[in-house]
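For reference, the structure is listed below as structure tokens.
One-based numbering along the sequence shown. Just follow the structure's listing: the first ligand is 1, and inside any ligand the first atom is 1.
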Amino acid sequence: MVLPGAKNTLRRRAFFVTGIKALAGLFGLGLGIPLAGFFLSPALKKGRQEWISIAEVTQLRDGEPTKITYRYARKDGWRMSETRRMAFVLKQADGGVMALTNRCTHLGCGVDWNSVTQRFTCPCHGGAFDAQGRVLEGPPPKPLARLPVKVEADTIFIQDAYA
Ligand code: FES
């Protein structure tokens with residue numbers, strides 16, 4: 001036997017319970033989505049190419065590549081670290097500036113510029129490149145990689161190839 005009004009009380013109670021659950025769900029989504037984005041976004045982001053200031057144009061030698069060592073802060077997911085790299089920068093005949101990585105295109109050893117022979121040489125397997133990074137001899141399959149470079153008010157900026 002159902003008491004008079006009991007059915008209405010049950011319906012009202014079910015309505016309030018459903019309403020409270022819906023509000024709790026909305027509140028949870030309101031907090032959960034931004035929190036999930038905050039914690040997951042560093043892992044999902046691809047390396048952003050930033051311009052790194054590496055030298056002044058006045059530091060460059062005339063007629064041959066200048067070795068520049070630079071550091072920059074690198075973000076890998078949630079971890080920040082400082083990375084040290086090396087590049088060779090060369091003034092071009094037209095007044096422009098070119099930047100090359102120091103990584104040999106054979107197996108990645110560090111090449112160095114030899115002022116006497118006027119070529120980059122790789123200590124690992126004898127690869128050699130000219131001042132423009134073109135292969136002269138040895139096993140390297142392609143030229144040294146060029147880095148994006150720009151000059152602003154005499155300051156040279158590059159984008160790191162491995163950022
Ligand atoms: S790594 Fe440079 S020649 Fe092999």
Side-chain angles (χ1 to χ4, degrees), residues 24-163:
L26 286 174
F27 184 73
L29 280 177
L31 278 179
I33 290 173
L35 278 175
F38 175 78
F39 287 110
L40 293 178
S41 66
L44 301 176
K45 274 186 192 162
K46 285 191 166 187
R48 212 170 7 129
Q49 291 288 304
E50 293 180 9
W51 290 103
I52 304 161
S53 161
I54 60 165
E56 300 293 318
V57 173
T58 52
Q59 292 176 255
L60 301 183
R61 290 187 301 224
D62 283 327
E64 60 181 291
T66 303
K67 186 194 301 186
I68 306 279
T69 301
Y70 59 95
R71 295 172 193 271
Y72 68 96
R74 182 177 179 188
K75 192 171 186 183
D76 185 14
W78 296 270
R79 207 178 115 238
M80 286 292 288
S81 61
E82 189 175 80
T83 301
R84 184 173 168 266
R85 296 248 195 257
M86 192 179 295
F88 288 91
V89 183
L90 175 67
K91 272 194 236 174
Q92 301 287 64
D94 64 0
V97 172
M98 180 180 76
L100 299 167
T101 70
N102 73 324
R103 292 202 184 177
C104 180
T105 53
H106 180 220
L107 294 177
C109 290
V111 301
D112 206 357
W113 176 252
N114 184 323
S115 294
V116 177
T117 59
Q118 291 289 297
R119 52 172 50 189
F120 290 103
T121 54
C122 178
C124 293
H125 312 101
F129 305 84
D130 69 9
Q132 303 291 318
R134 294 177 290 239
V135 178
L136 294 175
E137 63 185 52
K142 55 186 181 181
L144 294 174
R146 288 187 179 204
L147 299 170
V149 63
K150 70 176 182 179
V151 177
E152 285 181 359
D154 264 11
T155 301
I156 301 166
F157 295 85
I158 62 163
Q159 287 183 331
D160 190 272
Y162 307 100

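For a distance bound of 2.8 Å, the N, O or S atoms of Cys124 include none lying that close to atom 2 (Fe) of ligand 1.
With hydrogens and angles disregarded, no donor-acceptor distance shorter than 3.5 Å links the side chain of Asn114 to the backbone of Gln118. Formation of a donor-acceptor pair under 3.5 Å by the Thr105 side chain with backbone atoms of Lys142 is found in this model. Formation of a donor-acceptor pair under 3.5 Å by the Thr155 side chain with backbone atoms of Glu56 is not found in this model.
Geometry note: atom 2 (Fe) of ligand 1 is the vertex, Cys122 SG and Cys104 SG are the arms, and the angle is 110° (rounded to 10 degrees). With atom 4 (Fe) of ligand 1 at the apex, His106 ND1 and His125 ND1 define an angle of roughly 100° (rounded to 10 degrees).
Near Gly127, the atoms of ligand 1 lying under 4.0 angstrom from a non-hydrogen atom of the residue are 3 (S). For ligand 1, the atoms lying closer than 4.0 Å to a non-hydrogen atom of Leu107 are 1 (S).
One side chain, Glu64 or Ser115, offers a donor N or O that lies under 3.5 Å from an acceptor on the other.
Between Pro139 and ligand 1 there is a heavy-atom distance shorter than 4.0 Å.
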Asp160 vs Tyr70, side-chain contact (heavy atoms from CB on, under 4.5 Å): CA-CA, chis, key distance, verdict: CA-CA 10 Å; Asp160 190 272; Tyr70 59 95; 2.6 Å; yes
